[in-house]
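Okay, structure first, notes after.
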Amino acid sequence: MTTYPKSPKEMINGMMYFPRMLDKIRLHVRGELHEDYHENLGHNQRMDGVCCNFLRIDHAELSERVRQGGLDAEILEWCFEKGRRLNEGDLMVWNSFISKFGWNDFATPRLERSKKALGISDRSDVATIPDLLDFDERRLK
């Protein structure tokens with residue numbers, strides 16, 4: 001696969017991960033999202049679902065909104081109108097949580113299994129799911 005979704009560490013209007021989620025939806029709509037990503041697309045215990053829950057929106061409705069087109073910032077504004085508007089404190093909590101996803105939480109076993117499968121169990125710099133995704137998608141050497 002040559003087309004990877006955006007890094008989970010990218011931000012739009014101060015919100016981490018949201019650009020990646022939209023990018024995955026767009027790639028999926030175009031038939032360009034590798035099948036390895038399909039299982040997690042919108043899954044409520046993975047980053048997409050956690051993000052949608054935090055915004056109080058439904059992933060299927062978000063996907064439909066993305067299909068209609070628009071910039072990431074416009075779609076984020078739609079989420080604020082449809083779900084809930086995040087303030088600076090919410091963004092701080094979200095970014096702190098999502099940047100550490102997989103570090104000493106319910107996703108840690110999945111992170112450890114994935115690191116083992118990739119042969120990088122010894123990599124202390126891959127400590128979170130975002131780190132793992134950046135490594136697996138060749139943004140982290």
Side-chain angles (χ1 to χ4, degrees), residues 1-67 69-141:
M1 183 171 94
T2 57
T3 304
Y4 294 110
K6 293 177 180 177
S7 170
K9 298 174 184 177
E10 285 197 34
M11 291 186 174
I12 185 71
N13 294 347
M15 185 172 189
M16 191 178 288
Y17 186 76
F18 191 77
R20 178 185 177 85
M21 182 169 59
L22 298 187
D23 202 33
K24 286 171 41 182
I25 293 168
R26 290 179 181 119
L27 289 168
H28 188 256
V29 167
R30 293 192 310 256
E32 298 172 12
L33 185 67
H34 193 274
E35 65 186 32
D36 289 350
Y37 293 85
H38 293 191
E39 177 185 345
N40 294 332
L41 194 65
H43 189 290
N44 65 355
Q45 290 292 309
R46 306 293 192 272
M47 294 170 86
D48 291 355
V50 173
C51 184
C52 286
N53 183 53
F54 195 76
L55 289 165
R56 306 295 189 263
I57 57 167
D58 179 73
H59 190 271
E61 290 179 29
L62 174 62
S63 295
E64 181 54 39
R65 173 60 186 88
V66 171
R67 284 183 191 93
L71 302 173
D72 289 3
E74 295 169 334
I75 297 170
L76 182 57
E77 182 59 32
W78 175 88
C79 290
F80 291 162
E81 292 168 4
K82 178 87 175 153
R84 71 176 182 130
R85 183 167 300 280
L86 304 181
N87 62 30
E88 286 184 32
D90 296 325
L91 289 170
M92 181 186 67
V93 168
W94 169 255
N95 291 339
S96 294
F97 169 76
I98 204 67
S99 66
K100 296 176 185 81
F101 195 69
W103 182 70
N104 294 328
D105 63 19
F106 69 91
T108 302
R110 184 176 184 85
L111 171 67
E112 295 305 322
R113 283 191 307 273
S114 296
K115 285 178 65 172
K116 185 175 182 180
L118 291 169
I120 59 166
S121 294
D122 62 330
R123 294 279 302 258
S124 62
D125 60 325
V126 180
T128 65
I129 298 288
D131 294 338
L132 178 73
L133 293 170
D134 278 346
F135 174 84
D136 194 37
E137 295 167 359
R138 297 175 176 87
R139 285 183 289 271
L140 179 67
K141 301 293 178 198

With sequence neighbours left out, write down each residue that passes salt bridge (Lys or Arg N to Asp or Glu O under 4.0 Å) with E61, or none if nothing qualifies.
K82
Are Y17 and N95 linked by a side-chain donor-acceptor pair shorter than 3.5 Å?
no
Does D125 have any salt bridge (Lys or Arg N to Asp or Glu O under 4.0 Å) partners at least two apart in sequence or in another chain, and if so, which?
R123
What salt bridge (charged side-chain N to carboxylate O under 4.0 Å, His left out) pairs are there with at least one residue in residues 89-104, not counting sequence neighbours?
R84-D90
Working for side chain to side chain contact (heavy atoms under 4.5 Å, CB included), residues V66 and V29:
CA-CA 9 Å; V66 171; V29 167; 5.8 Å; no
Any ring-ring contact (aromatic ring centres under 6.0 Å, His included) involving residues 120-141? Give me the pairs, sequence neighbours left out, ordered by first then second residue.
none
Quick one: closest heavy-atom pair of L140 and V126, and the distance?
CD2-CG2, 3.9 Å
Do you know which of R30, H34, H28 makes side-chain hydrogen bond (donor to acceptor under 3.5 Å, both in side chains) with E32?
R30
List the residues meeting side-chain hydrogen bond (donor to acceptor under 3.5 Å, both in side chains) with R139, not counting sequence neighbours, and say none if there are none.
D134, E137
Just say parallel, tilted or perpendicular for the rings of F97 and W94, cut-offs at 30° and 60°.
tilted
Search all heavy atoms of C52 against all heavy atoms of L62 and return the closest pair with its distance.
SG-CD2, 4.0 Å
I129 to G102 - nearest heavy-atom pair and separation:
CG1-CA, 3.9 Å
Under the side chain to side chain contact (heavy atoms under 4.5 Å, CB included) test, residues paired with N104 that sit two or more places apart:
none
Could you tell me the separation between the CZ atom of R20 and the NZ atom of K9, rounded to the nearest 0.5 Å?
11.0 Å
One should read off an interatomic distance between I120 CD1 and S114 OG, to the nearest 0.5 angstrom, of 8.5 Å
Reported CE-to-CE distance for the pair M21 and M15, which is rounded to 0.5 angstrom:
6.5 Å
With sequence neighbours left out, what residues match R26 under side-chain hydrogen bond (donor to acceptor under 3.5 Å, both in side chains)?
D72
By side-chain hydrogen bond (donor to acceptor under 3.5 Å, both in side chains), K115 pairs with (sequence neighbours left out) none
Least distance between heavy atoms, M47 atom then P8 atom
CE-CB, 4.1 Å
Can you list everything that forms a side-chain hydrogen bond (donor to acceptor under 3.5 Å, both in side chains) with R113? Sequence neighbours excluded, please.
none
Can you confirm whether K24 sits close enough to K6 that some side-chain heavy atom of one is under 4.5 Å from a side-chain heavy atom of the other?
no
Check D23 against P5 and note the closest heavy-atom contact, atom names and distance.
OD2-CA, 3.2 Å
Hey, what do you get for OG (S96) to CZ (F101), rounding to the nearest 0.5 Å?
14.5 Å
Sequence neighbours left out, what passes side chain to side chain contact (heavy atoms under 4.5 Å, CB included) with T108? Give chain and number order.
D105, E112
Could you tell me which residues satisfy side chain to side chain contact (heavy atoms under 4.5 Å, CB included) with F80, sequence neighbours excluded, listed by chain and number?
L55, L76, E77, R85, L86
K116 to S121 - nearest heavy-atom pair and separation:
CA-OG, 3.3 Å
Distance from M11 atom CE to L91 atom CG, nearest 0.5 Å?
8.5 Å
Partners passing side chain to side chain contact (heavy atoms under 4.5 Å, CB included) against E88 (at least two apart in sequence or in another chain):
none
So, taking the atom named CG in D48 and the one named CD1 in I25, what distance separates them when rounded to the nearest 0.5 Å?
7.0 Å
Between E81 and W78, is there a donor-acceptor pair closer than 3.5 Å when you use the side chain of the first and the backbone of the second?
no
Evaluate the side-chain proximity of T3 to L27: yes if any heavy-atom separation is below 4.5 Å, no if none is.
yes
Test side chain to side chain contact (heavy atoms under 4.5 Å, CB included) on I75 and F18; report intermediate values, then the result.
CA-CA 10 Å; I75 297 170; F18 191 77; 4.1 Å; yes
Ignoring hydrogens and angles, tell me if any N or O in the side chain of D131 forms a donor-acceptor pair with the backbone of A127 under 3.5 Å.
yes
